[in-house]
Amino acid sequence: MTDRAFATRAIHAGQAPDPVTGAIIPPIYQSSTHVQDGIGGFRGGYEYNRAGNPTRSSLEAQLAALEGGASALSFASGLAAEDALLRGILRPGDHVILGNDVYGGTHRLLTQVLAPWGVETTMVDLQDLDAIRAARRPRTKVVWLETPSNPLLTIVDIAAVAEVAHAAGAVLVVDNTFASPALQQPLSLGADIVVHSTTKYLGGHSDVLGGAVVLGDDRFAEAVKFQQFAVGAVSAPLDAWLTTRGIKTLAVRVRQHSENAQAIAEWAVQRPEFETVFYPGLASHPGHEIAARQMNGFGGMLSLGLTAGPSAARAFAEATTLFQLADSLGGVKSLIGYPPEMTHASVRGTALAVPENAVRLSVGIEDVSDLIADLEEGLARIAAS
Ligand code: PLP
């Protein structure tokens, strides 16, 4: 399957018809355990659901093929995946260099869950390679980056950071949730491991929570698999199956998300109501060149800074109709959020705070003229209020 193009892999990898019935789509194996042909006589290697489930296996094969990885493991949420990965590869006393604009939950996991266990973390602007070199310690084991970042869509050069991480004796982990493998495949750019909140573009329909770890090689496979088995934050069969279904349309969905977001960004730069438009598809975005080099498109996320300030931004987030006010991203339905009080509330007032005048859009795949009309109506509503 590795010789096939991305959209083909997304549909066929791990998705062979059911060998017993010929069902074109592999069924949901909604079973907690598997009968044994004598003690230890496991059919297909399956014993008990926490250790392995055929539906989860089919998702894991699909995920590995999408990212070009040696293997993948699927979890109940993105954070469960991150936790299993970090506990699998780190030991107390180890050190992590973390991008200073990564998802707040990743920061919370490292500083509030793994710190008491003895893992140390330094936040760094990963656009500054010298800052990464300077942050290195003898026990630095991981550099963790996210690009494009949330909510300002900052772009980090994955290949350049991979080189610095490797020279420091660390592995590079990339959270590829925002781009999805349809737009960016970090393992091919030198990263060692990819993580996902499959809740977002991979699931794609805002109807399932999940996470994944994709390993570029076998170094950590056993250690992370052990965490998955020993702790048990696995994806349930129905959730795994919904994610396999979402992934089959990933290529076309992400193309439309990107096309719609580009059109909205180009509309927004013409509007005096927005003083800043954060979208890597605009030539004026500071990360545009790197994004054009390492991505196949610019994605469906953008943020808009309102000229009239924070209270206008807050009001705008509540003034649209098709763009519905909710956390999360990456689904077919458009969403709007006010990061300072929603996704980034926990870092408000800290060095990690985000601009108070910006709203974040997760641009869906509705007709873009309706989406722009909705934003125009929202602007008119806040102007009239
Ligand atoms: N990584 C990123 C970039 C995210 O945006 C999120 C959730 O919003 C996560 C990881 C965590 O994923 P989950 O919510 O599925 O645990």
Side-chain angles (χ1 to χ4, degrees), residues 1-2 4 7-67 69-85 88 180-181 194-215 218 221-250 253 330-331:
M1 197 50 66
T2 47
R4 302 292 185 175
T8 309
R9 297 202 300 277
I11 291 167
H12 289 277
Q15 307 303 307
D18 177 42
V20 178
T21 64
I24 192 74
I25 296 298
I28 307 168
Y29 286 88
Q30 190 70 43
S31 183
S32 63
T33 193
H34 297 258
V35 73
Q36 302 179 20
D37 297 319
I39 295 170
F42 305 139
R43 296 188 196 173
Y46 294 104
E47 178 187 6
Y48 180 65
N49 202 355
R50 177 160 37 72
N53 170 281
T55 312
R56 199 162 85 227
S57 301
S58 104
L59 170 59
E60 291 175 343
Q62 198 183 23
L63 290 164
L66 290 187
E67 290 285 5
S71 63
L73 293 165
S74 141
F75 293 86
S77 72
L79 279 170
E82 295 184 18
D83 181 53
L85 171 65
S180 93
V194 167
V195 297
H196 277 285
S197 168
T198 57
T199 313
K200 312 296 172 356
Y201 286 102
L202 294 175
H205 296 75
S206 304
D207 55 10
V208 61
L209 199 68
V213 174
V214 186
L215 299 162
D218 293 335
E222 212 173 298
V224 185
K225 174 82 189 159
F226 176 76
Q227 291 294 320
Q228 187 194 44
F229 168 67
V231 179
V234 294
S235 43
L238 175 61
D239 291 0
W241 186 87
L242 281 169
T243 309
T244 67
R245 183 167 71 160
I247 288 173
K248 293 186 180 82
T249 55
L250 180 69
R253 278 189 289 107

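Under a 3.5 Å cut-off, the side chain of Arg9 and the backbone N or O of Arg4 do form a donor-acceptor pair. Judged by distance alone, the side chain of Ser71 and the main-chain N or O of Val214 form no donor-acceptor pair under 3.5 Å. Between the side chain of Asn53 and the main chain of Arg56, a donor-acceptor pair closer than 3.5 Å is present. Counting only distance, with no hydrogens or angles, the side chain of Ser197 and the backbone of Gly211 share no donor-acceptor pair below 3.5 Å. Within the 3.5 Å criterion, the main-chain N or O of Thr244 finds a donor-acceptor partner in the side chain of Gln62. Remark: side-chain polar atoms of Trp241 are paired, donor with acceptor, to backbone N or O of Pro26 under 3.5 angstrom.
Distance check, rounded to the nearest 0.5 Å: CG of Leu66 to NE2 of His196 gives 8.0 Å. The structure places CG of Leu215 at 11.5 Å from NZ of Lys225, a figure rounded to the nearest 0.5 Å. One distance of note links CG of Leu59 with CZ of Arg245; it measures 14.0 Å at 0.5 Å rounding. The structure places CZ of Arg50 at 11.0 Å from OG of Ser32, a figure rounded to the nearest 0.5 Å.
When all heavy atoms are compared, the tightest approach of Tyr201 to Arg253 is O-NH1, 2.8 Å. Taking both residues in full, the closest heavy atoms of Pro17 and Gly22 are given as CB-O, 4.1 Å, listed atom of the first, atom of the second, then distance. The minimum heavy-atom distance between Glu60 and Gln228, with the atom names listed, is OE2-NE2, 3.4 Å. Summarising the geometry of Ser58 relative to Gly14, their closest heavy-atom pair is CB-O, 3.1 Å, with the distance given to 0.1 Å. Contact between Ala212 and Phe75 at its shortest, heavy atoms only, is CA-CD1, 4.5 Å. Considering all non-hydrogen atoms of both residues, Thr55 and Tyr29 come closest at OG1-N, 2.8 Å.
No side-chain donor-acceptor contact under 3.5 Å links Thr198 and Thr243. With 3.5 Å as the limit, one finds a donor-acceptor pair spanning the side chains of Ser57 and Tyr46.
Counting heavy atoms from C-beta on, the side chains of Gln15 and Ile247 never come closer than 4.5 Å. Side-chain contact between Pro181 and Leu202: present, with at least one pair of heavy atoms (C-beta onward) separated by less than 4.5 Å. Looking at His205 and Thr249, their side chains come closer than 4.5 Å, going by heavy atoms from C-beta outward. Inter-residue side-chain proximity for His34 and Tyr48 is flagged as unmet; no heavy-atom pair is nearer than 4.5 Å. You'll find the side chain of Asn49 reaches within 4.5 Å of the side chain of Pro237, heavy atoms only. In this structure, Phe226 and Glu222 have side chains that are not in contact, with every pair of non-hydrogen atoms separated by 4.5 Å or more.
No more than 12 heavy atoms of other residues, nucleotides or ligands shown are found within 6.0 angstrom of CZ on Phe229. Taking a 6.0 Å sphere around CG of Asp37, one finds it holds more than 12 heavy atoms contributed by other residues, nucleotides or ligands.
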Could you walk me through whether Ser235 and Ser74 pass side-chain hydrogen bond (donor to acceptor under 3.5 Å, both in side chains), step by step?
-> CA-CA 6 Å; Ser235 43; Ser74 141; 2.4 Å; yes

For Ile25 and Lys248, run side chain to side chain contact (heavy atoms under 4.5 Å, CB included): C-alpha distance rounded to whole Å, both residues' side-chain angles, the deciding distance at 0.1 Å, then the answer.
-> CA-CA 11 Å; Ile25 296 298; Lys248 293 186 180 82; 4.0 Å; yes

